[in-house]
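For reference, the structure is listed below as structure tokens.
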2 protein chains.
Amino acid sequence: MVKVKVYITLKSGVLDPQGKAIEGALHTMGVDNVGDIRVGKYMEFHIEPKADHSIDEQVTFMCNKLLSNPVIEDYRYDMEEVITT
Amino acid sequence: MVKVKVYITLKSGVLDPQGKAIEGALHTMGVDNVGDIRVGKYMEFHIEPKADHSIDEQVTFMCNKLLSNPVIEDYRYDMEEVITT
């Protein structure tokens, strides 16, 4: 079994209203040395390797078709083997 | 300047309806070897070190007071020095 961690972020140049709102709230709270806040999605899941597709192929398919919006979002992912005892 | 990456995830035991919805959609798309999907938030920002607070203190304050909901969410973060030329 493999644990996959996916990081989905807005492409640079895409306005991030959530990031701007957080920046404003932080300034109100007196935190004024923070900037360039970008908010994205973080997903974790387990995947059982299959013979007919590599995990890279499957994760790429999942990211492009469902988990991210390729028009405005980028994605990257990490994988780690899960030792089941 | 320091770049901070924050990962916010639901505490284990907290129901993740978004994760369940994604799992259902994946099964409909024929991806049936994926499970335990957990959806969270991923944030990046730059922070200018200040004399009166360490960056750890500031990020911890930000996470506890604004970026995450300590009742149902956990957070962790990474930091990397940004070399400005």
Side-chain angles (χ1 to χ4, degrees), chain A residues 1-10 12 16 18-55 57-68 73-78 82 84, chain B residues 1-10 12 16 18-55 57-68 73-78 82 84:
Chain A
M1 180 128 73
V2 174
K3 182 171 187 176
V4 180
K5 297 177 181 178
V6 178
Y7 312 90
I8 298 167
T9 51
L10 288 171
S12 61
D16 184 351
Q18 239 185 332
K20 289 292 173 220
I22 289 171
E23 204 163 313
L26 286 172
H27 285 202
T28 311
M29 295 163 68
V31 179
D32 55 9
N33 60 328
V34 171
D36 307 324
I37 299 174
R38 307 286 288 177
V39 180
K41 288 174 277 187
Y42 169 71
M43 295 182 198
E44 294 176 354
F45 51 84
H46 288 131
I47 196 165
E48 200 64 57
K50 268 184 159 181
D52 51 353
H53 293 291
S54 74
I55 291 182
E57 281 169 350
Q58 277 207 284
V59 175
T60 302
F61 171 78
M62 289 166 63
C63 287
N64 284 321
K65 297 296 182 199
L66 185 68
L67 304 182
S68 81
E73 291 174 331
D74 290 322
Y75 67 86
R76 58 186 174 83
Y77 58 89
D78 302 327
V82 175
T84 46
Chain B
M1 181 129 70
V2 173
K3 180 171 187 176
V4 179
K5 298 177 181 176
V6 177
Y7 312 91
I8 298 166
T9 51
L10 288 170
S12 60
D16 184 352
Q18 239 185 330
K20 289 291 173 222
I22 289 172
E23 204 162 313
L26 286 172
H27 285 203
T28 311
M29 295 162 68
V31 180
D32 54 8
N33 59 330
V34 172
D36 306 325
I37 300 176
R38 306 285 287 176
V39 180
K41 289 174 278 190
Y42 170 70
M43 297 183 196
E44 294 176 356
F45 51 85
H46 288 132
I47 196 165
E48 200 62 61
K50 267 183 159 182
D52 51 353
H53 293 291
S54 75
I55 291 183
E57 282 168 349
Q58 277 207 283
V59 174
T60 302
F61 171 79
M62 290 166 63
C63 287
N64 284 321
K65 296 295 181 201
L66 183 68
L67 304 183
S68 81
E73 291 174 331
D74 289 323
Y75 66 87
R76 58 186 174 82
Y77 58 90
D78 301 328
V82 175
T84 45

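None of the values given here were measured: they were computed from a predicted structure. By convention in this document, chain letters (A, B, ...) are assigned in the order of the sequence lines, proteins followed by strands, and residues within each chain are numbered from 1.
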Worksheet item: Does the side chain of A:Phe45 come within less than 4.5 Å of A:Leu67's, by heavy atoms?
Response: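 Yes, their side chains come closer than 4.5 Å.
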
Taking atom CE of A:Met43 and atom SG of A:Cys63, what is their separation to the nearest 0.5 Å?
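A:Met43 CE to A:Cys63 SG: 8.0 Å, rounded to 0.5 Å.
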
Problem - Gap between atom CG of B:Leu66 and atom CZ of B:Phe61 - 0.5 Å precision - result: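 B:Phe61 CZ to B:Leu66 CG: 8.5 Å, rounded to 0.5 Å.
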
Most heavy-atom pairs under 4.5 angstrom with chain A, which of [options]?
options                            : value
B:Gln18, B:His46, B:Lys41          : B:His46
B:Ile8, B:Ile37, B:Asp32           : B:Ile37
B:Met62, B:Glu23, B:His53, B:Lys65 : B:Met62
B:Leu26, B:Val2, B:Val6            : B:Leu26

Counting heavy-atom pairs under 4.5 Å with chain B, which one of A:Val34, A:Ile22, A:Val31 comes out on top?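 When all of A:Val34, A:Ile22, A:Val31 are compared, A:Val34 has the most.
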
Find the one option among A:Met1, A:Lys5, A:Arg76 whose heavy-atom pairs under 4.5 Å with chain B are most numerous.
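Highest number of pairs under 4.5 Å: A:Arg76.
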
| field | Portion of B:Gln58 that has a non-hydrogen atom of chain A nearer than 4.5 angstrom | value |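 When you check distances to chain A, only side chain atoms of B:Gln58 fall under 4.5 Å.
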
Checklist entry - Which atom pair, heavy atoms only, marks the closest approach of A:Tyr77 to A:Tyr7? => result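 It is CA-CD1, 4.4 Å.
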
How far apart are the closest heavy atoms of B:Val39 and B:Asp16, and which atoms are they?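 Smallest interatomic distance, heavy atoms only, reads N-OD2, 2.7 Å.
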
TODO: Go through the steps for A:Thr9 and A:Arg38 under the test side-chain contact (heavy atoms from CB on, under 4.5 Å), then give the verdict.
DONE: CA-CA 8 Å; A:Thr9 51; A:Arg38 307 286 288 177; over 6 Å; no

Region of A:Lys3 in contact with chain B, defined by heavy-atom distances below 4.5 Å: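 Interface part for A:Lys3: neither.
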
